[in-house]
Amino acid sequence: ALWVPFWLRLAKRRRFIGKVMDQNGVIHTVEVLGPPNFSAWESCYKIFITAAVMFNFIDLCWLNRYLKKIRKFATKYPTCWALIYQADVRLRLEHCHDILDRLEEQHEEDMRRGFRGTFDPKRPWNAVWREMVKGEREWWDDHVRDPAMSIATGLRSLASFIDGDAAIHASDAGHTSHITPRLHRHI
């Protein structure tokens, strides 16, 4: 279907399929899922931090504050990792572009009025990350806090909030699983 809402979510449901080599040099087809817990996510995010700082895309302070925000959610709502990860993926894949559009519009308006803002058009993602950690309260409420409270109080199940576009790996063994017709093993 060409005209579908949330195409990126639908595309992600198709999963990331890749090839990996095992310790014996054998190539395997694998499906890559999201990290099964905060600790695994943090390891991946720290690699992103290194790249973002190395290429001067985002200041370390905003990257670290985002990490702390996700850690706080994972600590406060320990049974809701799939929900937290889904919100993280949707924020960084979809909502960040809305934030960027809003910040660019505000910057253009500031320039017309002769104001100097904090937005740097040469480093737009720095402003986006700043907004993701300092602002967006309503977005975090709608996608993490309110659903997590419904789960914690037993009003709704975790499964009722998870849509499958940001699936996590079911175990701590890794983020990939064998794809074979008769066997589903973890690498």
Side-chain angles (χ1 to χ4, degrees), residues 1-60 62-97 100 124-126 128-129 132-133 143-144 147-148 151 157-187:
L2 180 60
W3 304 103
V4 294
F6 299 108
W7 164 248
L8 291 174
R9 289 184 195 175
L10 180 64
K12 289 209 40 120
R13 284 186 187 173
R14 298 183 72 201
R15 307 285 192 250
F16 174 71
I17 306 296
K19 303 276 186 188
V20 296
M21 185 182 303
D22 69 16
Q23 67 273 15
N24 299 317
V26 177
I27 304 287
H28 300 275
T29 300
V30 295
E31 178 179 7
V32 180
L33 298 174
N37 54 45
F38 172 77
S39 180
W41 178 89
E42 181 179 30
S43 296
C44 298
Y45 186 74
K46 285 183 176 181
I47 294 169
F48 172 74
I49 287 174
T50 300
V53 170
M54 184 173 70
F55 291 111
N56 197 30
F57 291 145
I58 307 166
D59 290 339
L60 182 59
W62 305 125
L63 293 160
N64 282 338
R65 284 184 60 183
Y66 188 82
L67 172 68
K68 289 176 185 173
K69 180 179 280 288
I70 300 298
R71 179 185 294 127
K72 183 177 178 182
F73 287 142
T75 302
K76 187 171 186 174
Y77 310 112
T79 61
C80 296
W81 174 248
L83 173 75
I84 296 162
Y85 178 69
Q86 177 177 271
D88 164 59
V89 168
R90 289 178 178 177
L91 178 66
R92 292 189 292 129
L93 186 66
E94 301 168 1
H95 189 61
C96 69
H97 296 286
L100 178 60
W125 295 109
N126 190 58
V128 170
W129 244 255
M132 286 173 12
V133 298
H143 292 84
V144 176
I151 294 163
S157 69
L158 177 63
S160 71
F161 289 103
I162 303 303
D163 294 326
D165 56 299
I168 63 170
H169 197 278
S171 77
D172 292 343
H175 305 267
T176 58
S177 56
H178 261 293
I179 298 175
T180 62
R182 57 189 173 85
L183 182 63
H184 184 83
R185 295 185 338 187
H186 301 298
I187 294 179

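- In terms of the side chain to side chain contact (heavy atoms under 4.5 Å, CB included) criterion, residue partners of Asn56 (sequence neighbours excluded) are, by chain and number, Arg123.
- Between Pro147 and Val144 the shortest heavy-atom distance is CD-O, 3.4 Å.
- With rounding to the nearest 0.5 Å, the separation of OG1 in Thr79 from CD1 in Ile151 is 6.5 Å.
- Take Ser160 and apply the side chain to side chain donor-acceptor pair (under 3.5 Å) test, not counting sequence neighbours, and it matches Arg156.
- Here the side chain of Asn37 pairs a donor or acceptor atom with the backbone of Ser39 at under 3.5 angstrom.
- Between Ala82 and Leu158, the closest heavy-atom pair is CB-CD2, 4.3 Å.
- Taking CE of Met132 as the reference point, atom NE2 of His95 lies at 9.0 Å (rounded to 0.5 Å).
- Every residue two or more places apart in sequence or in another chain that forms a ring-ring contact (aromatic ring centres under 6.0 Å, His included) with Trp125 is listed here: His97.
- Shortest non-hydrogen contact noted between Leu83 and Ala148 is CD2-N, 3.7 Å.
- Smallest separation of non-hydrogen atoms from Asn126 and Asp59: OD1-N, 2.6 Å.
- A distance of 11.0 Å separates CZ of Phe55 from OG1 of Thr50, quoted to the nearest 0.5 Å.
- Residues forming a ring-ring contact (aromatic ring centres under 6.0 Å, His included) with Phe48 (at least two apart in sequence, or on another chain): Tyr45, Trp129.
- With values rounded to the nearest 0.5 angstrom, Tyr85 atom OH is found 12.0 Å from Arg90 atom CZ.
- Closest non-hydrogen pair, Asp163 versus Gln86, comes out as N-OE1, 2.9 Å.
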Ignoring hydrogens and angles, write down the donor-acceptor pairs under 3.5 Å from the side chains of residues 63-77, residues two or more places apart or on other chains.
unit_1	atom_1	unit_2	atom_2	d
Tyr66	OH	Asp88	OD1	2.5
Arg71	NH2	Glu42	OE2	2.7
Thr75	OG1	Arg71	O	2.9

